[in-house]
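Working notes for the structure below.
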Amino acid sequence: MFDIKAIRDNPAAFDAGLARRGLEPRSADLLDLDARRRALITEAQEAQSRRNAASKDIGRAKKAGEDAQALIDEVAGLKTRLAELEAERDRVETQLTEALAWLPNTPADDVPDGADENDNVELRRWGTPAAFDFEPREHFALGEALGQMDFEAAAALSGSRFVVLKGALARLERALGQFMLDVQTADHGYEEVTTPVLVREDALFGTGQLPKFADDLFRTTDDRWLIPTAEVTLTNLHREQIVEEESLPRRYAALTYCFRSEAGAAGRDTRGMIRQHQFNKVELVSVTTPEAGEAEQERKVGCAEAILQKLGLAYRVVSLCTGDLGATMRRTYDIEVWLAGQQRYREISSVSWAGDYQARRMNLRCRPKGERETRFCHTLNGSGLAVGRTLIAVMEAYQAADGSIAVPEVLKPYMGGLERIAAS
RNA sequence: GGAGCAGUGGCCGAGCGGUUUAAGGCGCACGCCUGGAAAGCGUGUUGGGCGCAAGCCCUCGCGGGUUCGAAUCCCGCCUGCUCCGCCA
C-alpha cells in the first residue's frame, strides 16, 4: 500500500516505480482524487465545527429557558449539507484506497530489470552438485519404488497435487521440519510460534494476497481462507499495533501447512511433489525499524542458506528481476537447490523485503523510546525452508544405485539413528 | 448449537441524553522539594486527519440508525466471559 502523501511529494518517482513493473503512470489520477477528497474533508469539518458550537448553544439556551428554534433550524440545514459532503467524501475515498490497494510495491533500485525468470540475476553458488556413476532418478520414481510415496492413494482421497508419505519417508519429512525449526530458533534467534492456518480476509489483505490474488487461495464456506504461507499469520501478529523500537527486530519462525490452489499452474510440475496444494514450510518473518529492513534481508537469506549447507545440498542464490518479483515486495532473493533427478536448480526458498508496504496495509507501526511520532515498520519474510521441496532435494542428492537413500548426517538424530532408507 | 453478561485512555475504573474539552486511581515522564532518595506537591501522559497558519475535525470494540446534541438510546457485526449441550 502506498502513502498518498509520498506520492504527492514525489509523483515522478512513484510513476517511475510503476514503469519498472510495466505499468502506466497513475499519479495524476490519484492526486486528483486526493485533492477532491481533501477539499471535501475541509468543508465537512467546517460544517461540523459550526454544528458543534450551535448544539452547545442550544443546550445552554434550553437550560436558561430561552427559545432556540433559530439555532435548531440552522443545525438542521448543516446536517443535510454534512450528509451530502460525507457521502461524496466516502465515495472519493473508497475510490482512492481501492486504487492504492491494488498497486504493487516499488522495486528496490538494485533489482534487475527483466521480463520473467530468465532475466533473474545469479548472485552466488554454494556446493557442487553430486556426481553419480548411474542415471540419478527423480524423487517420485525413488519414492514409489521404495513403496513410501503414493500419489494414487492421495488422488483417491483428495485429487491431484497431493501425496501420501509412509514409513521412513514420512519420518524424513517430519525430521526435516523439526531440524529446520531447531536451527532457526537455536542458532538464528527466531521465536517459535504456532499459528492458525485459517484466517480472516483482513489478514490476507495485510500481507497483500488480497484483493489481487484471491484465485490462488482456498476459501472456506464460512468466509475464512487457508493460508498460502505462514508469512500471513506471522506478519499479522502485530497488525494494528504500535511496537517500541527497542523491542525490534522481532523474529518469528513457524512450521505450518500451506495451501495453494495453483490456479495459474495447470500443466506445470504435474508429476511428483514439487507443486502441491498442501505442503509444509518453515517460515521466517522479521519486523524491523525502517533503517534495519534491508540488512535484515541479507541476514535472513543466510539463515535459509544455513539449512542447505548443513544438509550438504548445492544451491544458488538469484535476485528476482522486476518481471518475476512478487507484487508486495521491494526485493526478493530466491534460493534454488540442485535437483539431481531434474539436473537443474529449483526454487526452495524465497526471501523478501517488503519495506513498509505490508506494514501500511495492516497499520503496523513502531515508535522510538520516549518519542511521540510513530512510523511504519518494515516487514520481511522468507522460507527456511520449504519442507516438501527439501525432501525432494535430499532424496535425489542422497540416492544410491539400488534406489535406497542415505540419511544426511544432521538428520540422523531425528531419524532414530537410521542410516539409510530402503524399500519397506 | 442454545441461554445470559460484558467491551471506556498504557492499566484499573466512574459515567448511562447537554460545561465530559471522559471523574478518580495506578503506572510512566518532567519539575519543585532533598546532601541524595522515598514520601509529598505541581505539570504532562490515545491515536489519526484537515489547514500556509491560527486553529479545527474525528477517535469510549467496529459499522449503521434515532436526536438540535450519543460513551450514554436502537439495530447489525466482532471479541471476551459464564452456564447448558456436543466434541478431539
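For the pair A:Thr374 and B:rG48, the criterion of a side-chain N or O lying under 4.0 Å from OP1 or OP2 is met. OP1 or OP2 of B:rC58 sits under 4.0 Å from a side-chain N or O of A:Arg51. Using a 4.0 Å cut-off, no side-chain N or O of A:Arg38 falls inside it from OP1 or OP2 of B:rG49.
Residue side chain A:Gln45 reaches the base of B:rG49 through a donor-acceptor N/O pair under 3.5 Å, judged by distance alone.
Between the CZ atom of A:Arg8 and the C1' atom of B:rG49 there is a distance of 11 Å, rounded to whole Å. In this structure, A:Glu201 places its CD atom 14 Å from P of B:rC78, rounding to the nearest Å. Between the CG atom of A:Asp57 and the P atom of B:rG18 there is a distance of 17 Å, given to the nearest Å. Taking atom CD of residue A:Glu93 and atom P of nucleotide B:rG63, one finds them 12 Å apart after rounding to whole Å. To the nearest angstrom, C1' of B:rC50 lies 18 Å from CZ of A:Arg36. In this structure, A:Leu82 atom CG and B:rC68 atom C1' are separated by 13 Å, rounded to whole Å. To the nearest angstrom, C1' of B:rC78 lies 11 Å from CZ of A:Arg224. Spacing between atom CG of A:Asn363 and atom P of B:rG61 amounts to 18 Å, rounded to whole angstrom units.
Residue A:Ser55 has its side chain nearest to B:rG69 when only B:rG48, B:rG69, B:rG49 are considered. Across B:rG47, B:rC68, B:rG49, the shortest atom-to-atom separation from the side chain of A:Arg37 is found for B:rG49. In the set B:rC68, B:rC50, B:rG47, the nucleotide with an atom closest to the side chain of A:Val75 is B:rC68. In the set B:rG51, B:rG47, B:rG69, B:rG47 carries the atom at the smallest distance from any side-chain atom of A:Arg365. Candidate nucleotides B:rG47, B:rG48, B:rG18 were compared by shortest atom distance to the side chain of A:Arg367, and B:rG47 ranks first. Comparing atom distances between the A:Ile41 side chain and each of B:rC50, B:rC57, B:rC68 picks out B:rC50 as nearest.
Neither side chain, A:Gln209 nor A:Asp216, offers a donor N or O lying under 3.5 Å from an acceptor on the other.
Nucleotides B:rG44 and B:rA37, compared at atom P, are 24 Å apart to the nearest Å. For B:rC68 and B:rG17, the C1' atoms lie 12 Å apart once the distance is rounded to whole Å. Comparing B:rA38 with B:rA29, their P atoms sit 11 Å apart, to the nearest whole Å. B:rG61 and B:rG13: their P atoms are spaced 14 Å apart (whole Å). A distance of about 27 Å separates the C1' atoms of B:rG63 and B:rA14, rounded to the whole Å. B:rA71 sits 13 Å from B:rU20 when the P atoms are compared, rounded to a whole Å. Rounded to a whole angstrom, the distance from the C1' atom of B:rC62 to that of B:rC78 is 7 Å. Between B:rA39 and B:rC30, the two P atoms lie 15 Å apart (nearest whole Å).
Taking the six-membered ring wherever Trp is involved, the centroid distance between the rings of A:His277 and A:Phe259 does not fall below 6.0 Å.
A distance of 13.0 Å separates OG in A:Ser349 from OH in A:Tyr333, rounded to the nearest 0.5 Å. Residue A:Asp90 holds its CG atom at 9.5 Å from CD of A:Glu88, rounded to the nearest 0.5 Å. Atom-to-atom distance recorded for A:Arg37:CZ and A:Ile4:CD1 is 7.5 Å, nearest 0.5 angstrom.
Test A:Arg375, A:Arg8, A:Arg360 against A:Asp3 for salt bridge (charged side-chain N to carboxylate O under 4.0 Å, His left out) and you get one pass: A:Arg360. When the options A:Leu198, A:Thr220, A:Leu210 are evaluated for a side-chain contact (heavy atoms from CB on, under 4.5 Å) with A:Trp225, the one that passes is A:Leu210.
B:rA37 is unpaired under the Watson-Crick or G-U wobble criterion, no partner having all donor-acceptor distances under 3.5 Å. Under the Watson-Crick and G-U wobble criteria, each requiring two contacts below 3.5 Å, nucleotide B:rG63 is paired to B:rC75. Across all strands shown, B:rA70 forms no Watson-Crick or G-U wobble pair with both distances under 3.5 Å. Across the strands present, B:rA88 finds no partner; the criterion is a Watson-Crick or G-U wobble pair with both atom distances under 3.5 angstrom. Using Watson-Crick or G-U wobble geometry with both donor-acceptor distances under 3.5 Å, B:rU43 finds its partner in B:rA29. Across all strands shown, B:rC81 forms a Watson-Crick or G-U wobble pair, both distances under 3.5 Å, with B:rG4.
For A:Arg420, the CZ atom is densely surrounded, since the number of other residues' heavy atoms within 6.0 Å is greater than 12. For CZ of A:Arg275, the number of neighbouring non-hydrogen atoms (other residues, nucleotides, ligands) closer than 6.0 Å is greater than 12.
Mapping A:Ile58 and A:Gln48 onto RNA chain B via the closest heavy atom, the residue that lands nearer the 5' end is A:Gln48. Nearer the 5' end of RNA chain B, as judged by each residue's closest nucleotide, is the contact made by A:Lys5, out of A:Arg50 and A:Lys5.
Residue contacts shown for A:Ile242 are limited to sugar-phosphate atoms, with no base heavy atom under 4.0 Å away. Across all strands, A:Asn52 comes closer than 4.0 Å only to sugar-phosphate atoms, never to a base (heavy-atom distances). Note on A:Arg89: nothing from the nucleic acid sits closer than 4.0 angstrom, heavy atoms only. Residue A:Arg200 is classed as a sugar-phosphate contact, given heavy-atom separations below 4.0 Å to backbone atoms only.
Taking the six-membered ring for Trp and thresholds of 30 and 60 degrees, A:Trp353 and A:His378 have ring planes inclined between 30 and 60 degrees apart.
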Just the atom pairs and distances: protein N or O near nucleotides 26-29 of chain B's N or O, under 3.5 Å.
none

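Geometrically, A:Arg389 does not engage A:Phe279 in a cation-pi contact defined by less than 6.0 Å to the ring centre and at most 45° from the axis.
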